[in-house]
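Report on the following structure.
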Protein chains: 2
Amino acid sequence: MSPNKSFSQLEQAINRVEARFPGTPRQEVILTRLLFHIMPRLSTHLCDNLKQHGLNETVWMALLALYACPNQTLNPSDISETLDSSRTNATRIADELVKNGWAARSASAEDRRKIVLELTPSGVALVESLLPFSREVHKQLWADFDDDEKQILERLMRKLLRQLGG
Amino acid sequence: MSPNKSFSQLEQAINRVEARFPGTPRQEVILTRLLFHIMPRLSTHLCDNLKQHGLNETVWMALLALYACPNQTLNPSDISETLDSSRTNATRIADELVKNGWAARSASAEDRRKIVLELTPSGVALVESLLPFSREVHKQLWADFDDDEKQILERLMRKLLRQLGG
DNA sequence: CGATTTTAGTAACATGAGTTACTATTTTGC
DNA sequence: GCAAAATAGTAACTCATGTTACTAAAATCG
């Protein structure tokens, strides 16, 4: 993973830049950098807990998206939208799901441009066997945060997302 | 960029998974997903504002790291540590800096395993010309957040980072 | 001191995801 | 109804970065 010991090295760099060329919006820079520092660690953390079962974060989310659908079917475009990734990537994810027998591709009857991806029984079984595990990981990740803190954080993140046009 | 309209699609999926297989730690999942939703947008946002000047987020951070040093020199390993990326990537970043004439490579006198990267006058000029611009972007990004909110957010993010071993 | 371990840098390879370009199909608007 | 525009899926290519393997040069310690 990342070889860095802590965030402090970066903080010192910020301080020294300020000394040489004053005018840093210090807290704004720190907040932004904290996000960049957190994300690879969060990714790795969640992925590690899935890799043991032969899947990665993206494929897991796709499985959940399928599982969430009434008839557990989705078009690649829906995958792309729900996972917030490109249509190209949706094709790849579909390939991966089919290759592992977790979903099956078939042509759509009503719109022949479309492909239908349907979760197989094996896919359903995988989701239901991993869900409790995944939920435990999420609970532990946020275990140090009390209800107030989580509430505030959710509000602030939504605000940031809005600012970024999401 | 990302084709998704909003976060709501994902929230609905979370709700439907809960309906089918109860027990979701809802807020914890939402918080985690918000981070994943925010980051690509934040990356793109910051990158867009640098691409116009022929550099990307990583190279910009490396330039700043060099600029922050007393004698504006750094070893590739230092780059790797400060930017929280692999030594391999540090080599690539160094290649990029040298190729553009922003830094120069030379052998270290005291430790012959090491390479010294030194910011050139052209590199210094680039940093100082872009800094005000970059600072403006940061200020606007967090403009909707008051001091209290930023304070709390910083505290909570540091806590999360600690939880992730950063 | 000399053998072993650690550190620095890098190249070759692997992974994951975006961009562009293309085809087939459907929808729209005269 | 049909020409033009929009949409779905995909392949080929590109970009950014991590992993593994290797070499050379210190540092350690017995």
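FYI, side chains are in, hydrogens and waters are out, and symmetry mates aren't considered; it's all heavy atoms of this structure. This is a predicted model, so every value here is computed, not measured.
- No continuous path of ILVMFWY side-chain contacts below 4.5 Å connects I14(B) to F133(A), so the two sit in separate hydrophobic clusters.
- Classification of R158(A) and E11(B) as a salt-bridged pair holds, one side-chain N sitting under 4.0 Å from a carboxylate O.
- Under the 4.5 Å side-chain heavy-atom criterion for grouping Ile, Leu, Val, Met, Phe, Trp and Tyr, L66(A) is not connected to V116(A) through any hydrophobic cluster.
- Taking E18(B) as the reference, T24(B) meet the side-chain hydrogen bond (donor to acceptor under 3.5 Å, both in side chains) condition, with sequence neighbours excluded.
- Atoms CG (D84(B)) and P (dA16(D)) sit 18 Å apart, rounded to a whole Å.
- R135(B) and F21(A) make their closest contact through NH2-O, 2.7 Å (heavy atoms, listed as atom of the first residue, atom of the second, distance).
- Rounded to whole angstrom, the span from the CG atom of L50(B) across to the C1' atom of dA16(D) amounts to 15 Å.
- Here K150(B) does not pair with D144(B) in a salt bridge; the nearest charged N to carboxylate O distance is not below 4.0 Å.
- In the hydrophobic clustering of this structure, F145(A) groups with L141(A); members are Ile, Leu, Val, Met, Phe, Trp, Tyr whose side-chain heavy atoms approach within less than 4.5 Å, directly or through other members.
- The NZ-P distance, from K51(A) to dG18(D), rounds to 13 Å in whole Å.
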Report all interatomic pairs (protein N or O, nucleotide N or O of nucleotides 6-10 of chain C) with separations under 3.5 Å.
residue	atom	partner	partner atom	Å
dT7(C)	O4'	R113(B)	NH1	3.3
dT7(C)	O2	R113(B)	NH1	3.1
dA8(C)	N7	R87(B)	NH2	3.4
dG9(C)	OP1	I115(B)	N	2.9
dG9(C)	OP1	I115(B)	O	3.4
dG9(C)	OP2	S77(B)	N	2.8
dG9(C)	OP2	S77(B)	OG	2.3
dG9(C)	N7	R87(B)	NE	3.4
dG9(C)	N7	R87(B)	NH2	3.2
dT10(C)	OP2	T91(B)	OG1	3.3

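- Distance, M61(B) CE to dA16(D) C1': 16 Å, rounded to whole Å.
- Residues E118(A) and R105(A) are not paired through a salt bridge, judged by the lack of any N-O separation under 4.0 Å between the basic side chain and the carboxylate.
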Polar atoms only, N or O, under 3.5 Å: list the protein pairs with nucleotides 14-17 of chain C and their distances.
residue	atom	partner	partner atom	Å
dA17(C)	OP1	T58(A)	OG1	2.7

